[in-house]
Asker: 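A single structure is presented below for examination.
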Amino acid sequence: QVQLVESGGGLVQAGGSLRLSCAASGRTSSSYAMGWFRQAPGKVREFVAAIRRMGSTTLYADSVKGRFTISRDNAKNMVYLQMNNVKPEDTAVYYCAARSSLYGTSRSDDYDYWGQGTQVTVSS
């Protein structure tokens with residue numbers, strides 16, 4: 001089992017940058033593929049990015065491709081989401097998730113553990 005805690009959210013202007021962090025405790029994060037999801041008010045939770053358990057194979061939603069970068073540091077049990085050129089439509093609660101598998105996917109149902117989320121608000 002693993003516990004996930006997100007941090008780094010906040011208020012940022014459109015065009016700016018923000019880096020979200022996800023700290024994993026319990027079973028080491030290297031045992032899991034990791035993903036980031038987000039949920040805006042009144043909308044369903046949607047996939048943002050995922051990264052393979054070991055190595056750097058990544059997957060992105062089309063809406064963030066070229067702007068966001070997911071990475072991980074297994075030695076520190078950390079996963080990151082670098083958000084560049086943010087837009088007002090990126091405003092949401094961002095969740096970190098862990099999947100007991102080699103590869104991450106875009107389906108939230110495939111993930112076994114979730115953090116509590118961190119709010120990101122992008123002002124225009």
Side-chain angles (χ1 to χ4, degrees):
Q1 191 169 357
V2 64
Q3 294 76 45
L4 305 173
V5 178
E6 303 93 338
S7 62
L11 177 64
V12 60
Q13 286 189 329
S17 297
L18 206 61
R19 189 175 85 154
L20 305 184
S21 299
C22 174
S25 61
R27 193 175 176 187
T28 59
S29 64
S30 61
S31 300
Y32 302 91
M34 301 297 293
W36 285 96
F37 289 78
R38 66 187 182 186
Q39 188 167 17
K43 295 188 177 181
V44 299
R45 189 172 298 186
E46 66 173 1
F47 170 73
V48 176
I51 189 166
R52 179 180 169 168
R53 186 174 70 193
M54 301 294 290
S56 58
T57 302
T58 56
L59 181 66
Y60 294 95
D62 288 343
S63 59
V64 306
K65 201 172 295 183
R67 300 188 298 122
F68 291 9
T69 302
I70 187 172
S71 61
R72 65 189 303 162
D73 185 337
N74 287 338
K76 296 182 179 179
N77 285 332
M78 296 292 294
V79 179
Y80 306 99
L81 184 69
Q82 178 67 44
M83 306 168 60
N84 296 329
N85 190 25
V86 296
K87 303 176 181 180
E89 51 264 43
D90 295 323
T91 295
V93 177
Y94 283 71
Y95 297 91
C96 175
R99 181 179 188 231
S100 303
S101 181
L102 181 60
Y103 289 99
T105 74
S106 61
R107 288 168 37 90
S108 59
D109 288 348
D110 289 341
Y111 290 80
D112 304 295
Y113 304 100
W114 293 84
Q116 293 300 307
T118 185
Q119 175 71 46
V120 172
T121 303
V122 182
S123 63
S124 58

Asker: Should the pair K87-D90 be classified as a salt bridge under the 4.0 Å nitrogen-to-oxygen rule?
Answerer: no
Asker: Treat each ILVMFWY residue as a node, draw an edge where side-chain heavy atoms are under 4.5 Å apart, and state whether Y113 and V79 are in one component.
Answerer: yes
Asker: Kindly compute the distance separating CG (L4) from CD (Q116), expressed to the nearest 0.5 Å.
Answerer: 10.0 Å
Asker: Look at the side chain of D110 and the backbone N and O of T105, then say whether any donor-acceptor pair between them is shorter than 3.5 Å.
Answerer: no
Asker: Would you compute the distance between atom CH2 of W36 and atom CG of L20 and round it to the nearest 0.5 angstrom?
Answerer: 5.0 Å
Asker: Quick one: does Y60's side chain have a donor or acceptor within less than 3.5 Å of a partner on I70's backbone?
Answerer: yes
Asker: Hey, what do you get for OH (Y32) to CG (N74), rounding to the nearest 0.5 Å?
Answerer: 12.5 Å
Asker: Begin from the C-alpha positions of Y80 and M78 and carry the test side-chain contact (heavy atoms from CB on, under 4.5 Å) through to its verdict.
Answerer: CA-CA 7 Å; Y80 306 99; M78 296 292 294; 3.4 Å; yes
Asker: Could you tell me the separation between the OH atom of Y95 and the CD atom of E6, rounded to the nearest 0.5 Å?
Answerer: 8.5 Å
Asker: Do L59 and Y103 come close enough that some side-chain heavy atom pair is under 4.5 Å?
Answerer: no
Asker: Has the side chain of T91 got a donor or acceptor atom that lies under 3.5 Å from a matching backbone atom of V122?
Answerer: yes
Asker: Quick one about Y111 and R99 (side-chain donor to acceptor, distance below 3.5 Å, no hydrogens or angles considered), yes or no?
Answerer: no
Asker: How long is the span from the CE atom in M34 to the OG atom in S71, to the nearest 0.5 Å?
Answerer: 11.5 Å
Asker: Inspect the surroundings of CD in Q119 and state if more than 12 heavy atoms from other residues, nucleotides or ligands are less than 6.0 Å away.
Answerer: yes
Asker: To the nearest 0.5 Å, what is the distance between CD on Q13 and OG on S123?
Answerer: 5.0 Å
